[in-house]
Peer 1: 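Got a structure for you, written out below as structure tokens; questions coming shortly.
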Amino acid sequence: MNSTSRIVPALPRRESPPLRTPAVTTDAALLATIRVTPPMDPQNVVLKQTINLPTTAFSMKANLPQAEPKMLARWEEEKLYRKIRASRAGRPLYVLHDGPPYANGRIHMGTAFNKILKDFVVKSKTMAGFDSPYVPGWDCHGLPIEIKVDSELGSKKAHMTAVQIRRACRQYAEKYVELQRQDFKRLGVLGRWEDPYLTMNAKYQSVIAGAFVDFLDKGYVYKGLKPVHWCIKDRTALAEAEVEYADHTSPSIWVRFSLASDPAAIDPALAGHQVFGLIWTTTPWTIPANMAIAYNPRYQYAAVEVAGAVYLVAADLVEVTAQKLGWHDHHTVATFPGARTEGAVFRHPLLDRDSQGILADHVTLEQGTGAVHTAPGHGQEDYTVGQKYGIATYCPVDAAGRFFRAEGAPGYLPDALIGKTVWEGNPIVLELLQEAGALMGMEKLAHSYPHCWRCHHPVIFRATEQWFIGMDLNHFRQDALDAIKQVKWMPEWGQERISNMIAARPDWCISRQRVWGVPIIVFYCEGCREPVTDRKILDPIVALFAEHSADVWYERTAAELLPAGHTCAKCGGTEFAKETDILDVWFDSGSSHLAVLNESFGLPWPADVYLEGGDQYRGWFHSSLLVGTGLRGSSPYRACLLNGWVLDGEGKAMHKSLGNAVDPNTIIKDHGADILRLWTASVEFHEDVRMSATILTRLVDAYRKLRNTFRYMLGNLAGFDPATDAVPAREMAELDQWMLLRAEDLVTRCRAWYDNFEFHKVYHAVYAFCTVDLSAVYFDVLKDRLYTSAPKSPGRRSAQTALYRLLDAFVRLLAPLMSFTAEEVWGHMGRAESVHLAYFPEPAELAAGLDDAARKRTANWDRLMEVRDVVLKHLDTARNQKLIGAPLEARVLLSANGERYTLLQQYAAELPALFIVSQVELDRAEDADLGVKVERAAGAKCERCWKYTLDVGGDPGFPTICLPCAGAVHEIVHG
RNA sequence: CCAGGAAAAGCUCAGAUGGCAGAGCACUCGACCGAUAAUCGAGCGGCCGCUGGUUCGACUCCAGCUUCCUGGACCA
């Protein structure tokens with residue numbers, strides 16, 4: 001040991017640990033520079049320099065926006081994620097399966113919040129000893145991208161092949177996958193970023209196609225009709241996003257349907273009358289597709305007699321209707337509840353067809369007659385209610401919008417309509433109705449009407465052939481409901497939420513008339529339209545996808561894809577066409593567990609946990625559950641965690657248009673990702689959470705406090721080598737033991753909270769501990785012992801031993817939350833490997849070496865702290881009275897009796913340090929109250945430790961300092 | 001309109017089984033000047049969303065309502 005080590009107490013006893021990176025200056029490196037300080041002249045001691053002040057290169061200012069990217073670069077270079085995998089190989093697996101965000105746009109607060117939470121889960125499980133891999137993924141197919149690419153391609157698209165368009169979509173998705181990947185990595189989320197899963201990967205596409213074949217093979221899939229927005233000019237189905245609304249004038253008409261069933265069944269008063277249903281519609285051309293008349297079961301209806309005929313109209317709409325239709329002598333024959341019309345049979349005015357009376361809640365009194373013309377082939381709700389009543393989805397309009405004689409409903413369409421478009425059909429239908437005596441009135445109506453966003457022509461609702469997964473085939477719905485019960489839902493109400501959705505949802509329409517996705521691999525016989533769904537034929541195509549991506553479906557002809565010489569089982573035909581529809585993107589992402597939780601990723605099925613926002617109950621949680629239940633017989637996740645929505649400071653949803661959206665990248669640029677992570681840790685994530693400038697300011701303050709807590713520990717541990725300098729626990733000062741036992745309790749609680757994903761409790765408890773226990777009490781009390789004792793004195797070593805254990809535990813306890821800062825601290829502790837390879841502290845680490853006697857003594861210290869609180873209040877009063885300034889100027893006179901006296905007497909020697917005063921005097925009192933008096937301390941102020949003592953100058957060599965200080969200085973100067 | 005959720009100090013959160021509303025931060029005032037763009041102390045601050053009910057007693061249990069959030073339905 002050279003002499004320089006004696007003047008600077010904070011010198012290390014060992015060689016500096018190797019620098020891990022130029023980006024971080026370790027304390028060891030700093031101390032190496034201090035070592036060149038010239039030796040102190042024993043004759044000319046500068047007292048100030050004999051104080052062991054904290055020394056650390058761990059800066060007070062974090063500079064996170066600059067420091068974090070360097071840390072990320074190091075993690076990347078070290079291949080940290082791979083190292084973590086290797087370090088946990090063979091450990092029990094814990095798998096969080098990532099829900100794929102859509103590869104469009106940059107990340108926002110919601111996605112950042114979700115990803116950080118996932119990182120908390122993965123890191124905390126890793127540190128708890130699990131092997132917890134994280135494979136991020138992206139959802140790459142689908143309409144939003146195809147629409148964007150469409151608009152970028154413009155008119156060029158018309159000359160492009162499907163494969164070319166798909167390549168453009170792929171490029172677009174790749175671009176955003178890359179941008180989002182950078183954004184997510186910047187958050188400090190560790191994972192398999194270099195090889196994520198993408199739904200557009202060939203292998204993944206193959207899994208999707210395979211899942212479809214499995215569903216088909218298991219008998220869940222059927223082909224049915226469903227109305228969709230249809231542009232007859234572009235001959236295409238339109239998604240919701242492709243429809244825009246504009247004013248349009250339609251002929252609105254009132255049409256009567258004669259009642260064929262017994263009128264008395266509706267109301268006895270109607271017996272013998274000629275009764276009519278009376279409907280109102282703005283789409284006369286859909287009259288040929290009429291299958292039913294819907295009444296609202298909750299409304300009262302009136303039977304109104306006009307000129308010998310009786311019309312059934314909602315009671316509240318009788319007068320309006322009379323006015324519109326020019327009724328003069330009308331009177332009400334009967335009133336009855338709408339429910340009575342159920343089962344009534346009307347006759348179609350133009351066709352040889354019955355139209356049933358049905359009940360539907362969507363019938364309103366805003367317009368019309370309270371009786372709604374129902375054509376399931378031409379309206380969403382008509383379709384839904386039609387399904388309920390088992391009414392055929394009949395649609396006599398082809399892709400060009402022209403009438404034809406469709407199958408599926410009785411009645412022969414009039415020749416006048418055949419081949420005409422629906423727009424040409426309107427006046428023809430009017431004319432036919434007039435001739436039939438069924439047209440009761442007509443007027444023009446200007447209203448908002450859906451138009452095609454591309455050609456701006458009005459669109460129609462038209463039933464088209466779609467592929468469905470039947471919810472009630474093979475007990476599918478019930479199986480899914482049963483599977484839900486096996487999942488642990490957090491929060492618990494998630495179970496009810498998703499159960500309600502599954503119970504009420506219609507069949508899953510899995511087909512889309514689009515290009516950017518995974519094709520539905522089915523062929524049709526050109527001769528008889530019989531579909532080819534034999535898996536022996538389809539499985540090889542699934543295999544082809546894995547090799548060439550789903551593009552092969554578009555690159556090769558049906559003949560090339562089918563086995564040579566394949567013939568239609570039904571008609572023997574040899575010519576086949578490919579299905580042109582693709583699968584719903586929810587089918588893609590819902591299959592992610594099949595694509596990712598498998599051997600090629602080394603992951604087991606099912607996953608331990610899914611964690612997403614509340615919108616996913618109808619999204620990914622839902623579709624994944626259906627795919628899992630259908631193909632594997634159970635849920636693909638054991639637990640399902642919900643994260644709430646990120647709202648603004650007022651609790652309002654964030655919207656770009658409102659200007660209240662907070663951009664995570666801005667926060668990172670201004671404050672650093674650890675602030676964002678700390679915010680994520682601070683809130684109860686199952687609920688909706690708030691983010692605002694105020695909240696951020698609070699978090700920045702909290703971060704500083706945590707950082708300074710680490711800084712204090714690092715600074716006071718400079719030169720401390722636990723291997724050689726640590727004090728055995730049972731020899732440590734009682735205060736230090738007490739603190740370690742409190743920390744032990746904190747670690748126990750935090751680990752339980754981590755197990756239960758209660759990150760905010762960890763944050764709040766650790767933060768409160770740092771503030772209340774450490775900073776305000778322990779660190780404050782410790783300063784005298786650390787700064788003024790001789791560097792190697794037992795008291796100082798005891799404190800350092802405690803600090804070391806605390807630091808070592810806290811840095812790991814917070815590593816999942818403040819990943820960057822924890823790593824920075826870890827580096828300053830001289831650790832060679834990343835903190836993210838470490839394990840959580842065990843409670844026993846803190847209290848190692850402490851026996852039951854020490855545990856029992858904590859009760860003493862708890863009570864001493866109560867006394868301290870009282871004394872501090874009195875010191876404050878004395879300070880306000882200008883009796884004292886610094887607490888060391890005080891002498892405290894205590895009076896107590898009974899047990900308290902005994903306790904205080906037992907700890908009399910510790911009290912001045914505990915109260916941070918110069919002297920404490922204890923008297924036995926008569927009454928039970930604690931007596932506290934404050935006066936000025938006696939004696940002179942020691943220049944070195946600032947305490948007032950009677951022995952200042954006791955050492956003639958150092959006339960301005962007290963005897964203990966003189967001893968310490970001697971030790972420092974002479975060793 | 002339907003399903004589900006939330007409401008506590010300016011902010012973030014504790015508040016099993018009903019028993020005088022808690023913490024930290026912020027704010028105000030003060031101290032220190034050896035954690036210093038730090039640290040310590042004290043003080044201020046609440047109709048526990050509203051209205052009823054049960055109870056000796058309700059932030060807590062029950063009913064209704066209001067506002068906000070998510071998804072859906074409607075508009076089409």
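A, B, ... follow the sequence lines: proteins, then strands. Residue 1 opens every chain. Atom set for the values below is all heavy atoms of this structure, side chains included, hydrogens, waters and symmetry mates excluded.
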Peer 1: For residues T286(A) and H373(A), is any side-chain donor paired with an opposing acceptor at under 3.5 Å?
Peer 2: yes
Peer 1: Using whole Å, what does the distance between atom P of nucleotide A3(B) and atom CH2 of W493(A) come to?
Peer 2: 15 Å
Peer 1: Are D648(A) and R690(A) within salt-bridge range, i.e. N to O under 4.0 Å?
Peer 2: no
Peer 1: Base, sugar-phosphate, or nothing: which does E650(A) touch, judged by heavy atoms less than 4.0 Å apart?
Peer 2: nothing
Peer 1: I want to verify a distance call: between U12(B), U70(B), C75(B), whose nearest atom is closest to the V683(A) side chain?
Peer 2: U12(B)
Peer 1: Determine whether any donor atom in the side chain of K48(A) lies under 3.5 Å from an acceptor atom in the base of G34(B), or the reverse, and answer yes or no.
Peer 2: yes
Peer 1: Is there aromatic stacking of F461(A) on A76(B) here, judged by a ring-centre distance under 5.5 Å and a plane angle under 30°?
Peer 2: no
Peer 1: For R707(A), which contact category applies under a 4.0 Å heavy-atom criterion: base, sugar-phosphate, or nothing?
Peer 2: nothing
Peer 1: Do the side-chain N and O atoms of R944(A) and T50(A) include a donor-acceptor pair separated by under 3.5 angstrom?
Peer 2: yes
Peer 1: Could you give the CZ-to-P distance, from R618(A) to A3(B), as a whole number of Å?
Peer 2: 18 Å
Peer 1: Take atom CD of Q380(A) and atom P of C74(B), then tell me their distance rounded to the nearest Å.
Peer 2: 6 Å
Peer 1: Can you identify which nucleotide, out of A76(B), G34(B), G41(B), has its nearest atom closest to the I51(A) side chain?
Peer 2: G34(B)
Peer 1: Taking the P atom in each of G15(B) and A6(B), what is the distance between them to the nearest angstrom?
Peer 2: 15 Å
Peer 1: May I have the step-by-step check of ring-ring contact (aromatic ring centres under 6.0 Å, His included) for Y754(A) and F120(A), ending in yes or no?
Peer 2: CA-CA 9 Å; Y754(A) 268 122; F120(A) 288 175; 8.2 Å; no
Peer 1: Pick the C1' atom in C59(B) and in G19(B), then give their distance to the nearest Å.
Peer 2: 13 Å
Peer 1: Side-chain donor-acceptor pair under 3.5 Å between T56(A) and Y712(A), yes or no?
Peer 2: no
Peer 1: With heavy atoms under 4.0 Å as the rule, sort N708(A) into base, sugar-phosphate or nothing.
Peer 2: base
Peer 1: For the P atoms, the ones on U54(B) and on C62(B), what distance do you get once it is rounded to whole angstrom?
Peer 2: 16 Å
Peer 1: For C68(B) versus A8(B), give the span between their P atoms, rounded off to a whole number of Å.
Peer 2: 15 Å
Peer 1: Given atom CD1 of I695(A) and atom P of U12(B), what is their separation to the nearest angstrom?
Peer 2: 4 Å
Peer 1: Among G34(B), A14(B), C32(B), which nucleotide has an atom closest to any side-chain atom of Y787(A)?
Peer 2: G34(B)
Peer 1: Give me the distance, rounded to whole Å, that separates A73(B) from A16(B) when you measure between the P atoms they each carry.
Peer 2: 40 Å
Peer 1: List every contact pair, protein side and nucleotides 20-30 of chain B side both N or O, where the distance is under 3.5 Å.
Peer 2:
{"residue": "A26(B)", "atom": "O4'", "partner": "R698(A)", "partner atom": "NE", "Å": "3.4"}

Peer 1: Between A14(B) and G46(B), how many Å separate the two P atoms, rounded to a whole number?
Peer 2: 22 Å
Peer 1: Which listed nucleotide (G71(B), G41(B), A37(B)) is nearest to the side chain of W645(A)?
Peer 2: G71(B)
Peer 1: Please determine whether a side-chain nitrogen of the Lys or Arg among D615(A) and R618(A) lies less than 4.0 Å from a carboxylate oxygen of the Asp or Glu.
Peer 2: no
Peer 1: In whole angstrom, what separates M691(A)'s CE from C11(B)'s P?
Peer 2: 15 Å
Peer 1: Assess the side chains of T374(A) and D382(A): does a donor N or O sit below 3.5 Å from an acceptor N or O?
Peer 2: no
Peer 1: Counting only side-chain nitrogens and oxygens, does H760(A) get under 4.0 Å of the OP1 or OP2 atom of A14(B)?
Peer 2: yes
Peer 1: Does one side chain, of S775(A) or K705(A), offer a donor that lies under 3.5 Å from an acceptor on the other?
Peer 2: yes
Peer 1: Could you pick out which residue, F685(A) or D780(A), lies toward the 5' side of RNA chain B when each is mapped onto its nearest nucleotide?
Peer 2: F685(A)
Peer 1: How far apart are the closest heavy atoms of L611(A) and N114(A), and which atoms are they?
Peer 2: O-ND2, 3.0 Å
Peer 1: Please determine, by modelled atom types, if H378(A) and T283(A) share a side-chain donor-acceptor pair under 3.5 angstrom.
Peer 2: no
Peer 1: With a 4.5 Å cut-off on side-chain heavy atoms, are M691(A) and L647(A) touching?
Peer 2: no
Peer 1: Considering only the P atoms, how many Å lie between C74(B) and C11(B), rounded to the nearest integer?
Peer 2: 39 Å
Peer 1: Compare the minimum distances between each of G34(B), C69(B), U70(B) and the side chain of T788(A), then state the nucleotide with the smallest one.
Peer 2: G34(B)
Peer 1: Determine whether any donor atom in the side chain of Y245(A) lies under 3.5 Å from an acceptor atom in the base of A76(B), or the reverse, and answer yes or no.
Peer 2: yes
Peer 1: Just checking, is any N or O donor in the side chain of H622(A) or R505(A) under 3.5 Å from an acceptor N or O on the other one?
Peer 2: yes
Peer 1: Could you tell me whether R497(A) and E492(A) have a side-chain N and a carboxylate O separated by less than 4.0 Å?
Peer 2: no
Peer 1: Has the side chain of S775(A) got a donor or acceptor atom sitting under 3.5 Å from an opposite partner on the base of A35(B)?
Peer 2: yes
Peer 1: Any salt bridge linking D869(A) with K873(A)? Criterion: basic side-chain nitrogen under 4.0 Å from a carboxylate oxygen.
Peer 2: no
Peer 1: Rounded to whole angstrom units, what separation is found between the CZ atom of F915(A) and the P atom of C40(B)?
Peer 2: 18 Å
Peer 1: Can you run through RNA chain B from 5' to 3' and write each base as (, ), [, ], | or . depending on how it pairs? Watson-Crick or G-U wobble, both distances under 3.5 Å.
Peer 2: (((((((..((((.....[..)))).(((((.......))))).....(((((..]....))))))))))))....
Peer 1: Tell me what K652(A) touches on the nucleic acid: a base, only sugar-phosphate, or nothing, going by heavy atoms under 4.0 Å.
Peer 2: sugar-phosphate
Peer 1: Would you mind reading off the distance between M654(A) atom CE and U70(B) atom P, rounded to a whole angstrom?
Peer 2: 12 Å
Peer 1: Below 3.5 Å, does any donor atom in the side chain of R690(A) face an acceptor in the base of U12(B), or the other way round?
Peer 2: no
Peer 1: Of all of residues 674-682 of chain A, which get a heavy atom below 4.0 angstrom from RNA chain B, listed by number?
Peer 2: S682(A)
Peer 1: Does K783(A) place a side-chain N or O at less than 4.0 Å from the phosphate oxygens OP1/OP2 of A35(B)?
Peer 2: yes
Peer 1: Mapping T384(A) and M60(A) onto RNA chain B by nearest heavy atom, which one lands closer to the 5' end?
Peer 2: M60(A)
Peer 1: When you compare C40(B) with C32(B), how far apart are their C1' atoms, in angstrom units rounded to a whole number?
Peer 2: 7 Å
Peer 1: Determine, for D876(A) against R879(A), whether the closest basic-nitrogen to carboxylate-oxygen distance falls under 4.0 angstrom.
Peer 2: yes
Peer 1: CZ of F779(A) versus C1' of U39(B): gap in Å, rounded?
Peer 2: 12 Å
